[in-house]
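Notes to accompany the following structure.
Nothing here was measured: the structure is a model prediction, and the numbers come from that model.
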Amino acid sequence: MPRPKQFRKMSSPPLMVGFKPFGIPRAELETIKLSYDEYETIRLLDYDGLTQEQAAEQMQVSRPTLTRIYENARKAIAKALVEGKIIVIDGGNVDFGKDWFRCRRCHKLIDGIENHIPCKNCANYSQEELTPINTPK
């Protein structure tokens, strides 16, 4: 029996929930899932330019674990680009450190229910508009 996966540390969820190829209706496309921890490795290594040791320390995982997560992320993104598939960013064992929510109307990220303020793009303002992204453990 494999041991359970540890939670990976993330500062915040991604701004977008995924990406779609241009010109093809969503109903005609297959989906590839990119987990939150895979997204985080791409962000830390490729976008922020951290070394693998720095990124592993930030995510609170070992460097070999980070490398495995990173390889899975690169393969998923490459497959989506080459085969024209939708990338959906969701799931995985992650700890954001606090509750995060996304507005159902404007898709804005909100870090904690106490920081929920009316959006300029939203006509209504209530907590029913918020979808929880992840809760800290």
Side-chain angles (χ1 to χ4, degrees):
M1 174 185 230
R3 70 178 238 225
K5 288 184 180 180
Q6 292 184 338
F7 283 88
R8 285 82 158 107
K9 197 79 164 151
M10 283 184 69
S11 57
S12 67
L15 294 176
M16 300 295 133
V17 294
F19 297 89
K20 177 186 128 9
F22 286 111
I24 304 170
R26 183 180 176 121
E28 296 176 19
L29 294 170
E30 290 183 42
T31 299
I32 289 186
K33 183 178 171 188
L34 190 70
S35 65
Y36 286 133
D37 54 350
E38 291 170 342
Y39 162 83
E40 184 73 351
T41 60
I42 295 292
R43 186 184 73 78
L44 293 173
L45 297 173
D46 296 334
Y47 183 76
D48 291 346
L50 299 180
T51 65
Q52 287 192 357
E53 289 78 16
Q54 292 168 326
E57 186 177 314
Q58 192 164 330
M59 288 182 67
Q60 298 180 352
V61 296
S62 69
R63 199 218 31 87
T65 297
L66 180 101
T67 303
R68 282 192 298 277
I69 296 168
Y70 182 58
E71 285 301 313
N72 289 338
R74 288 181 53 219
K75 286 178 185 177
I77 291 169
K79 186 172 185 168
L81 291 175
V82 171
E83 297 178 10
K85 297 183 180 202
I86 294 173
I87 299 173
V88 175
I89 306 169
D90 190 27
N93 291 342
V94 295
D95 177 13
F96 295 117
K98 56 185 165 183
D99 292 331
W100 281 87
F101 300 88
R102 188 177 303 277
C103 178
R104 288 188 178 117
R105 297 179 191 275
C106 69
H107 307 288
K108 176 182 164 187
L109 284 174
I110 298 142
D111 63 336
I113 201 83
E114 67 279 358
N115 296 323
H116 183 214
I117 58 173
C119 306
K120 64 179 178 183
N121 300 327
C122 295
N124 298 329
Y125 171 70
S126 70
Q127 291 184 5
E128 287 81 40
E129 294 175 347
L130 300 181
T131 302
I133 294 177
N134 202 0
T135 54
K137 299 295 177 204

Original post:
side chain to side chain donor-acceptor pair (under 3.5 Å) with Ser62: which residues, sequence neighbours excluded?
Top reply: Thr65
Subject >> Over 12 non-hydrogen atoms of neighbours within 6.0 angstrom of CD in Gln52 >> reply: yes
Subject >> Over all atoms of both residues, closest heavy-atom pair of Ala76 and Lys33 >> reply: CB-O, 4.5 Å
**OP:** Please report the shortest heavy-atom distance between Ser35 and Gly92, naming the atom on each side.
**Re:** CB-CA, 4.2 Å
Straight-line distance of [X] [atom1] to [Y] [atom2], nearest 0.5 Å:
X      : Y      : atom1 : atom2 : result
Ile89  : Leu34  : CD1   : CG    : 5.5 Å
Leu109 : Trp100 : CG    : CH2   : 6.0 Å
Ile86  : Glu28  : CD1   : CD    : 10.5 Å
Leu45  : Arg74  : CG    : CZ    : 10.0 Å
Met16  : Tyr39  : CE    : OH    : 9.5 Å
Ile42  : Asp37  : CD1   : CG    : 11.0 Å

**OP:** Please confirm whether the backbone N or O of Leu50 pairs with a side-chain atom of Asp48, one donor and one acceptor, at under 3.5 Å?
**Re:** no
Original post:
Any donor and acceptor pair, going by atom type alone, linking the side chain of Gln54 with main-chain N or O of Thr51 inside 3.5 Å?
Top reply: yes
**OP:** Using salt bridge (Lys or Arg N to Asp or Glu O under 4.0 Å) as the criterion, list what pairs up with Glu40, not counting sequence neighbours.
**Re:** Arg43
**OP:** State which residues pass salt bridge (Lys or Arg N to Asp or Glu O under 4.0 Å) with Lys85; sequence neighbours excluded, sorted by chain then number.
**Re:** Glu30, Glu83
If Ile, Leu, Val, Met, Phe, Trp and Tyr residues are connected whenever their side-chain heavy atoms lie under 4.5 Å apart, and connections chain through other members, are [X] and [Y] in the same group?
X     : Y     : value
Val88 : Ile69 : no
Leu66 : Ile77 : yes
Leu15 : Met10 : yes
Ile87 : Leu29 : no

Side chains of [X] and [Y], heavy atoms from C-beta outward: is any pair under 4.5 Å?
X     : Y     : value
Gln60 : Arg8  : no
Asp90 : Tyr36 : yes
Leu44 : Met59 : yes

